[in-house]
Amino acid sequence: MNLDHMLAQLRGTLPSDVVDPNSLPRDWPTCSQRGCRKPAVRKKNGEPAKSCQSCLERRAASCRRRRAHFVANGGCRRCAYRKRLQGDFLCARCREHRDRERAQKRQDAIDAAAIDEFAAKPDKAHRASNLDVGISPWNARPRPQATAAYWSPLPDPEPLSEQLWRWSLANGRLHHRY
């Protein structure tokens, strides 16, 4: 077992994309470029790459030379393959991409400023409102309004002599609970 790998696992500092060295193949692949038999270089996550380091550097230098040639012959400075706009150093597609990236970066900066401003506010208790219990101007019960019955006087009470239901038929007295 690899001691560094085990210590990183125990500390919790191991990135998620790192491959366990024990799971890697024992027979390391060789460079896939024609005529090269060097062992392939190891990627950052531990997996084998397709080519060796010298072939990767040679191909990168070739790519840089090719791009420089296209830019010198009127190609876009960003992609190197399409023709530049008149009086500009970018093609139409790269200009649109750059403008979109700048707009996104500007929006990200505005969003970050709003978040920072919100985070800088002191914490305070929540001010309760009717909205917390689900009452809003659109679903609230209407305020009670006084009707004509509210303003009219109460009717005269029925006299006791007419309240025959109160008198007992058995003994002629008023009903008493106690």
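Note that these values count all heavy atoms, side chains included, but never hydrogens, waters or copies made by symmetry.
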- Query: Under 4.5 Å between any side-chain heavy atoms of Arg66 and Tyr81, yes or no?
  - Reply: yes
- Which heavy atom in Ser152 sits nearest to a heavy atom in Ala149, and how many Å separate them? OG-O, 3.2 Å
- Spacing of CZ belonging to Arg58 relative to SG belonging to Cys36, to within rounding of 0.5 Å: 7.0 Å
- How long is the span from the CG atom in Leu90 to the CD atom in Glu96, to the nearest 0.5 Å? 11.5 Å
- Tell me, do Arg59 and Ser51 make a side-chain contact under 4.5 Å, heavy atoms counted? yes
- Item | Asn73 CG to Arg84 CZ distance, which is reported to the nearest 0.5 Å | 9.5 Å
- Ala146 and Trp151: which non-hydrogen atoms are nearest, and at how many Å? CB-NE1, 3.6 Å
- Heavy-atom count around Arg98 CZ within 6.0 Å, excluding the residue itself: above 12? yes
- Query: So, for Lys43 and Pro48, which heavy atoms are closest and what is the spacing to 0.1 Å?
  - Reply: CE-O, 4.0 Å
- What distance separates Arg82 CZ from Cys76 SG, expressed to the nearest 0.5 Å? 6.5 Å
- Can you name the closest pair of heavy atoms from Val71 and Ala80 and give their distance? CG2-CB, 4.0 Å
- Message: Once rounded to the nearest 0.5 Å, what's the spacing between atom CG of Asp116 and atom CG of Asp111?
- Response: 11.0 Å
- Query: Side-chain contact, heavy-atom cut-off 4.5 Å: Cys94 with Arg77?
  - Reply: no
- Heavy-atom closest pair, residues Cys31 and Arg37: O-NH1, 4.4 Å
- Are the charged groups of Arg78 and Glu101 less than 4.0 angstrom apart, N to O? yes
- Note on the structure: Trp28 and Gly46 have their tightest heavy-atom pair at CH2-O, 3.9 Å
- The reported gap from CD in Gln53 to CD in Glu57 (rounded to nearest 0.5 angstrom) is 4.5 Å
